[in-house]
Amino acid sequence: MKKVYTCFCTDIIHEGHLNIIKEAQKYGDVYIGVLTDEAMIKYNRFPTISFEERVSLVKNLNGIKDVVIQTDIMYNQIVAQLHPDYIIHGDNWKSGPLKAIRDNAEQLLKAYDGKIIDVPYTYNENVKRIDAQLKEKLSMPEYRRKRLKQLLKLRPIVKSIEVHSGLTGLIAEKTVVENNGEFDQFDAMWISSLCDSTAKGKPDIELVDMTSRFRTIDDVMEVTTKPIIFDGDTGGLTEHFVYTVRSLERMGVSAIIIEDKTGLKKNSLFGTEVEQTQDTIEHFCEKITAGKKVQLTDDFMIIARIESLILERGMDDALNRASAYVKAGADGIMIHSRKKNPDEILEFCDKFRKGNKHTPIVVVPSSFNTITEAELAEHGVNIVIYANQLTRSAFPAMEQTAKDILKYHRAKEVDSRLMPIKDIISLIEEL
Ligand code: SPV
Ligand code: MG
């Protein structure tokens with residue numbers, strides 16, 4: 001019997017999958033691959049059921065010879081292990097980012113005269129409804145909130161990008177790239193105080209109040225499913241902070257990061273150029289402990305941000321604070337620096353990791369931007385936040401457009417740089 005292979009990257013079996021199986025049976029014994037969580041989250045949605053549940057879902061289907069675990073979205077492992085005569089897939093992989101996967105399969109099959117079978121992709125009202133149900137499951141607070149902790153277990157480093165609106169949320173949600181056979185996407189979103197304030201034309205000094213910050217979160221949540229890390233500035237008064245924790249947790253936010261500063265907060269990237277006061281260890285620990293005490297679920301994380309390197313108080317101060325904050329209950333440590341060179345951040349991570357193997361470390365490489373994610377992960381970093389790049393790329397583009405329209409007294413000269421009207425009017429899917 002010939003071997004026919006197909007890989008299902010799904011949490012629900014619908015008529016599209018059954019159609020593929022029916023077609024596959026015409027060619028030989030059917031083997032179905034189930035993608036591991038690690039492979040799935042690189043290019044697809046986060047699974048709504050466990051890997052084991054996905055395996056038994058497929059095992060229970062009629063007319064299957066065997067279930068195979070697929071550890072990468074590319075087919076090298078499967079072809080080496082199973083040597084299928086046919087690989088069958090919906091024809092939606094003939095274009096777009098999935099085309100790279102088809103090319104990979106085709107290349108591998110060519111070596112021994114194996115064949116690809118493309119079957120018409122099923123996308124009808126029923127499949128659409130199932131798709132919407134999965135999306136809903138991912139975006140609801142109880143599912144979204146715990147996702148950051150789940151990702152910390154699955155990803156070598158959790159990649160987060162700044163968002164401050166529905167539109168930037170959609171970019172974080174939907175952008176997937178394929179580069180030399182590797183797929184990647186962002187895991188989480190960062191609601192930056194700097195960019196949330198900047199989008200409102202306000203300085204980053206805790207002036208934009210919590211009600212307004214929550215409104216931004218809501219705008220983002222409305223159109224996304226990925227987990228949210230909220231920039232909580234100093235956390236404010238401890239008496240207020242506890243209410244913020246409760247609200248964020250209820251909304252489905254996964255983590256708040258609070259920084260150990262007090263009084264009028266200024267953006268860290270000013271460093272010592274402006275007056276900034278670091279909180280005492282005791283007082284900041286009390287704030288962390290108070291926040292942890294009011295939390296209702298195990299999902300939510302309070303991450304303590306250390307400003308010692310920003311304020312030039314030295315490595316020992318940063319490390320002392322880190323162990324005190326962890327003792328006070330912090331679920332993670334963010335260490336910040338405004339140096340161009342990542343050395344002090346790496347030194348902190350290495351020294352912190354000597355005494356603490358598991359507490360997640362968060363870094364924000366805005367200034368020390370030459371360091372790669374892999375290098376950060378090697379030094380024990382668990383979450384990387386690209387904190388302001390979307391805002392900083394949009395502003396110069398918009399400003400130049402405004403200048404050129406004023407200069408030429410018409411919009412023709414800027415048109416080649418703009419998104420086509422057809423694309424902007426269809427960017428947001430209608431329900
Ligand atoms: C933010 O994005 O608002 C941050 C990171 O807090 S930084 O601007 O580098 O302080
Ligand atoms: Mg901030």
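Just so you know, ligand 1 is whichever comes first in the structure, and atom 1 is the first atom listed for that ligand.
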Check ligand 1 against [X] and write out every atom of the ligand that is under 4.0 Å from a heavy-atom position of the residue.
{"X": "S268", "value": "10 (O)"}
{"X": "L269", "value": "8 (O), 9 (O)"}
{"X": "L194", "value": "1 (C), 3 (O), 8 (O)"}
{"X": "A387", "value": "2 (O)"}

Residue and atom name of the nearest protein heavy atom (relative to [atom]), distance in Å to one decimal:
{"atom": "atom 4 (C) of ligand 1", "answer": "D231 OD2, 3.5 Å"}
{"atom": "atom 8 (O) of ligand 1", "answer": "N267 ND2, 2.9 Å"}
{"atom": "atom 2 (O) of ligand 1", "answer": "S192 OG, 2.8 Å"}
{"atom": "atom 9 (O) of ligand 1", "answer": "H336 NE2, 2.7 Å"}
{"atom": "atom 10 (O) of ligand 1", "answer": "R305 NH2, 2.8 Å"}

Qualifying residue, where the test is side-chain contact (heavy atoms from CB on, under 4.5 Å) with I383 and the options are I361, L152, L151: L152

May I ask you to check whether over 12 heavy atoms, not counting those of [X], lie within 6.0 Å of atom [atom1]?
{"X": "I49", "atom1": "CD1", "value": "yes"}
{"X": "K202", "atom1": "NZ", "value": "no"}
{"X": "I421", "atom1": "CD1", "value": "no"}
{"X": "E275", "atom1": "CD", "value": "no"}

Contact check: S193 to the Mg ion (ligand 2), N/O/S below 2.8 Å: yes

N, O or S from D231 under 2.8 Å to the Mg ion (ligand 2): yes

Any N/O pair E259/ligand 1 closer than 3.5 Å: no

Closest approach of L108 to N76 (non-hydrogen atoms, all atoms of both residues): CD1-N, 3.4 Å

Contact with ligand 1 for E162, non-hydrogen, under 4.0 angstrom: no

Given R213, K265, K266, the one that forms salt bridge (Lys or Arg N to Asp or Glu O under 4.0 Å) with D204: K265

Identified salt bridge (Lys or Arg N to Asp or Glu O under 4.0 Å) counterpart of D299 within the set K146, R145, R250: R145

H17 and H14 aromatic ring geometry - parallel, tilted or perpendicular at 30°/60° bounds: tilted

Mode of H164 contact toward ligand 1 - side chain, backbone, both, neither (heavy atoms, under 4.0 Å): neither

